[in-house]
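Following: one structure in structure tokens, then a few remarks.
In each ligand, atom 1 is the first atom listed, and ligand 1 is the first ligand listed. Computed over heavy atoms, backbone and side chain alike; hydrogens, waters and symmetry mates excluded.
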Amino acid sequence: MEDIKYKVKYDMSEAVEEAFKVLRANIHFCDPENKLKTIAITSYNPGDGKSTTSLNLSITMAKSGMKVLFVDADLRKPMLFKPLVSKDFKGLSNYLLDQAGLNEIVNKTDVDGLYFISCGIKTQNPGELISTQKFRDFLCEAQYNYDIIIIDTPPIGSVIDGAIIASQTDAVIIVISQNAVKTRNAIMMKEQLEKANANILGVVLNKVNKLDYKNYYGGYDYYDSKRKYSRKSLKELEKVKRDKYD
Ligand SMILES: Nc1ncnc2c1ncn2[C@@H]1O[C@H](COP(=O)(O)OP(=O)(O)OP(=O)(O)O)[C@@H](O)[C@H]1O
Ligand SMILES: [Mg+2]
């Protein structure tokens, strides 16, 4: 493993961080004995938020003290995932092509406990590569070294890779972007994953507009109330100070 720590470019507001803590807790409720070691993240469309969700979940898990490996298994993308961009990465495809060992493709990050593997060089046959025994070997080898492996995949509506990967991981989480995925496509994706014998853990509803999110939580706006409260207490504090020194 390289000694360089890659800076992860991420931007999580308090509310987003809280949402990912909820996701982390819900995964734990499904798996109280921590038996799930490999989790794939998939969606129907490009742009639904698979990579963002995988990375934020990985960061949130790492911050809770777990040793997390984030794997970019979208071997069809010519571009590296932007928040983890660096140059000349050897990645997953290099491992699958026997060009590199696990140690050579894992990268440290500046988030304690978070490691990542990029997709690697572009190949002619990504679908076949992830169907090989070598991919299963990769999952087995990686499990020895990390508490959890989060795998980002390509969209199921475009290519079969996501279902192939999900058939080999302990579980899969589906990302659905609000108002972007047609019901029949969501059902098709679920059926495809079931055909692959994947263990569907649940769905992350992404890109929810603020009003819907607020309504879902019954209008209890913790952040606003906290802000109002701190403003009020500041005034009270000023008054106390004035009373004391006047
Ligand atoms: N909850 C969100 N709120 C706002 N923007 C988001 C959210 N989730 C993702 N995005 C943005 O949407 C875009 C697509 O997200 P992302 O790259 O994670 O999707 P993807 O499903 O991995 O796409 P692809 O299939 O092309 O790999 C990015 O610009 C990302 O920053
Ligand atoms: Mg992506």
Is there at least one pair of N or O atoms, one from P155 and one from ligand 1, spaced under 3.5 Å apart? no

Nearest non-hydrogen contact with atom 1 (N) of ligand 1 belongs to which option: V208, I41, N206? N206

Dump the intermediate steps for side chain to side chain contact (heavy atoms under 4.5 Å, CB included) on I151 and F70, then the final yes or no. CA-CA 6 Å; I151 305 173; F70 169 91; over 6 Å; no

Considering only NZ, NE, NH1 and NH2 on the basic side and carboxylate oxygens on the acidic side, decide whether D161 and R76 come within less than 4.0 Å. yes

Please work out whether any backbone atom (N, CA, C, O) or any side-chain heavy atom from C-beta onward of S51 is under 4.0 Å from ligand 1, and answer side chain, backbone, both or neither. both

Aromatic Y146 / basic K37 pairing, under 6.0 angstrom, 45° off normal: no

Where on T52 is there a heavy atom closer than 4.0 Å to ligand 1, on the side chain, on the backbone, on both, or on neither? both

Numbered atoms and elements of ligand 1 in range of K50, under 4.0 angstrom, heavy atoms: 18 (O), 19 (O), 20 (P), 21 (O), 22 (O), 23 (O), 24 (P), 25 (O)

Ligand 1 to K207 polar contact by distance, N or O atoms, under 3.5 Å: yes

I'd like to know if the side chain of S51 pairs up with that of D152 as donor and acceptor (distance under 3.5 Å, no hydrogens or angles considered). yes

Test of understanding: with salt bridge (charged side-chain N to carboxylate O under 4.0 Å, His left out), list the residues that count as partners of E194, not counting sequence neighbours. K190

Specify whether an N/O/S atom of S51 falls short of 2.8 Å from the Mg ion (ligand 2). yes

Residues passing the ring pair (Phe, Tyr, Trp, His ring centres under 6.0 Å) test with Y44, sequence neighbours excluded, are none

Do any nitrogen or oxygen atoms of P46 lie less than 3.5 angstrom from nitrogen or oxygen atoms of ligand 1? no

